Novice: 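Quick one: structure below, then a few questions.
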Amino acid sequence: IALQGNAPALAAFDAAAQEWDAQIASNITVNINANLGSFSSSNIIGSTSSTILFGSYGVVRYQMIANAAGNPGQAIVTALPTAANFQLNLPAGRSFSGNVDLTKANAKALGFSVPDSQFGQSDGAITFNQAFDFDYDRSDGVGSSQVDFQTVAAHEIGHVLGFISSLDAVDTSTAQT
């Protein structure tokens, strides 16, 4: 069920997107497919699938520095170590490929050319578990047995924007050689 078919859900989703828009200065458009659906686990409130890209550490570092040029508040990125000076501690059985993962939205914000023809129109997809009793209008408070949809949407949008970590997968999986 697309959110377009549920006006209150769409309004709450748009409000969550506006919260992010007020915090982020990059002038890019992020395209998200958002739906209500069913999950095999009743514990999952929402799930996000971001388009993940990767580039070499050196290329991503260079682009971060170029993107920060002229902005004194972002000058700290020039202190990122070069690939030759980069050091990393990894769990036994793991290795570093030299690549850095980033979401398509991250890549766009850093100024990389990310053609939709190659990577698809969508930057990510979010599905909210329709089994939950969502409160789509928190302006009058959220019912004690309900879940604040706007807060869940803001959390999931954050994943599309790049607030993700592969460390969870490393911590919970067996070592790969």
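Note: hydrogens, waters and symmetry copies are ignored here, and every other heavy atom, side chains too, is used. Computed from a predicted structure; not experimentally measured. Along the sequence shown, residues are numbered consecutively beginning with 1.
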Novice: Do side-chain atoms of T103 reach the backbone of V160 as a donor and acceptor pair under 3.5 angstrom?
Specialist: yes
Novice: Quick one: does Y57's side chain get under 4.5 Å of P81's, heavy atoms only?
Specialist: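 Yes, at least one pair of side-chain atoms sits under 4.5 Å.
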Novice: What about L102 and L161, same hydrophobic cluster or not, with Ile/Leu/Val/Met/Phe/Trp/Tyr joined at side-chain heavy-atom distances under 4.5 Å?
Specialist: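 L102 does not cluster with L161.
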Novice: Rounded to the nearest 0.5 Å, what separates atom CD1 in I126 from atom OG1 in T48?
Specialist: 4.5 Å
Novice: Side chain of S50, backbone of H159: donor and acceptor closer than 3.5 Å?
Specialist: yes
Novice: Kindly check if the number of other-residue, nucleotide or ligand heavy atoms within 6.0 Å of OH (Y62) is above 12?
Specialist: no
Novice: Can you establish whether the number of heavy atoms outside F54 located under 6.0 Å from its atom CZ is more than 12?
Specialist: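 No - once you tally the heavy atoms of other residues, nucleotides and ligands closer than 6.0 Å, there are 12 at most.
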Novice: Excluding sequence neighbours, so at least two apart, what forms side chain to side chain donor-acceptor pair (under 3.5 Å) with T127?
Specialist: none
Novice: Could you pull out the closest heavy-atom pair between F128 and E156, with the gap in Å?
Specialist: CE2-CG, 4.2 Å
Novice: Let me confirm one number: the CG-CD distance from D14 to Q150, rounded to the nearest 0.5 Å.
Specialist: 10.0 Å
Novice: Consider only side-chain heavy atoms of I, L, V, M, F, W and Y, link residues closer than 4.5 Å, and tell whether I157 and I45 are in one cluster.
Specialist: yes
Novice: Give me the atom names and distance for the closest heavy-atom approach of S47 to F39.
Specialist: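 For S47 versus F39, the nearest heavy atoms are CB-CE2, 3.5 Å.
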Novice: Would I164 and I52 satisfy side chain to side chain contact (heavy atoms under 4.5 Å, CB included), going step by step from the backbone distance to the final call?
Specialist: CA-CA 10 Å; I164 58 174; I52 304 294; 3.6 Å; yes
Novice: Do M64 and L53 share a hydrophobic cluster, counting only Ile, Leu, Val, Met, Phe, Trp and Tyr and linking them when any side-chain heavy atoms are less than 4.5 Å apart?
Specialist: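 The answer is yes; both residues are in one hydrophobic cluster.
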Novice: Whether the side chain of R61 engages the backbone of A83 through a donor-acceptor N/O pair (distance < 3.5 Å, no angle test) should be reported.
Specialist: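 No: the side chain of R61 does not pair with the backbone of A83.
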Novice: Mind listing the closest non-hydrogen atom pair of D135 and G141 along with its distance?
Specialist: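 Scanning both residues completely, I find the closest heavy atoms to be OD2-O, 3.2 Å.
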Novice: Would you mind checking if D116 and K108 are paired as a salt bridge, meaning a charged N to carboxylate O distance below 4.0 Å?
Specialist: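 Answer for the salt bridge query: no.
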Novice: Quick one: does D148's side chain get under 4.5 Å of F134's, heavy atoms only?
Specialist: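 No, every pair of side-chain atoms sits at 4.5 Å or beyond.
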Novice: Does the ring center of F86 lie less than 6.0 Å from the ring center of F96?
Specialist: yes
Novice: Looking only at non-hydrogen atoms, find the nearest pair between S145 and D133 and report the distance.
Specialist: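 Here S145 and D133 meet closest at OG-OD2, 4.0 Å.
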Novice: Sequence neighbours excluded and cut-off under 3.5 Å, please list the side-chain donor-acceptor pairs for residues 20-32, or say none.
Specialist:
{"from": "W20", "atom 1": "NE1", "to": "A154", "atom 2": "O", "distance (Å)": "2.8"}
{"from": "N31", "atom 1": "ND2", "to": "Q121", "atom 2": "O", "distance (Å)": "3.3"}

Novice: Tell me, yes or no, whether the heavy-atom count around I76 atom CD1, taken from other residues, nucleotides or ligands under 6.0 Å, exceeds 12.
Specialist: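 12 or below, so no.
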Novice: What pair of heavy atoms forms the shortest contact from I44 to F132, and how long is it?
Specialist: O-CE1, 3.2 Å
Novice: Is there a side-chain contact between N35 and L3 (heavy atoms, below 4.5 Å)?
Specialist: no
Novice: Hey, are R138 and T151 close enough side-chain-wise for a donor-acceptor pair under 3.5 Å?
Specialist: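 Yes, a side-chain donor-acceptor pair sits under 3.5 Å.
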Novice: Does the side chain of D137 reach to within under 4.5 Å of the side chain of F149, using non-hydrogen atoms?
Specialist: no
Novice: Any chance you could measure F13, atom CZ, to Q18, atom CD, to the nearest 0.5 Å?
Specialist: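 It comes to 11.5 Å.
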Novice: Quick check for you: to the nearest 0.5 Å, what is the distance between F112 atom CZ and K104 atom NZ?
Specialist: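 It is 14.5 Å, given to the nearest 0.5 Å.
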Novice: Over all heavy atoms of both residues, which pair between V77 and A68 is shortest? Give the atoms and the distance, please.
Specialist: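 Smallest interatomic distance, heavy atoms only, reads CG2-CB, 3.5 Å.
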Novice: In chain order, what residues pass the side chain to side chain donor-acceptor pair (under 3.5 Å) check against T82, with sequence neighbours excluded?
Specialist: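 Applying side chain to side chain donor-acceptor pair (under 3.5 Å) to T82 gives N85.
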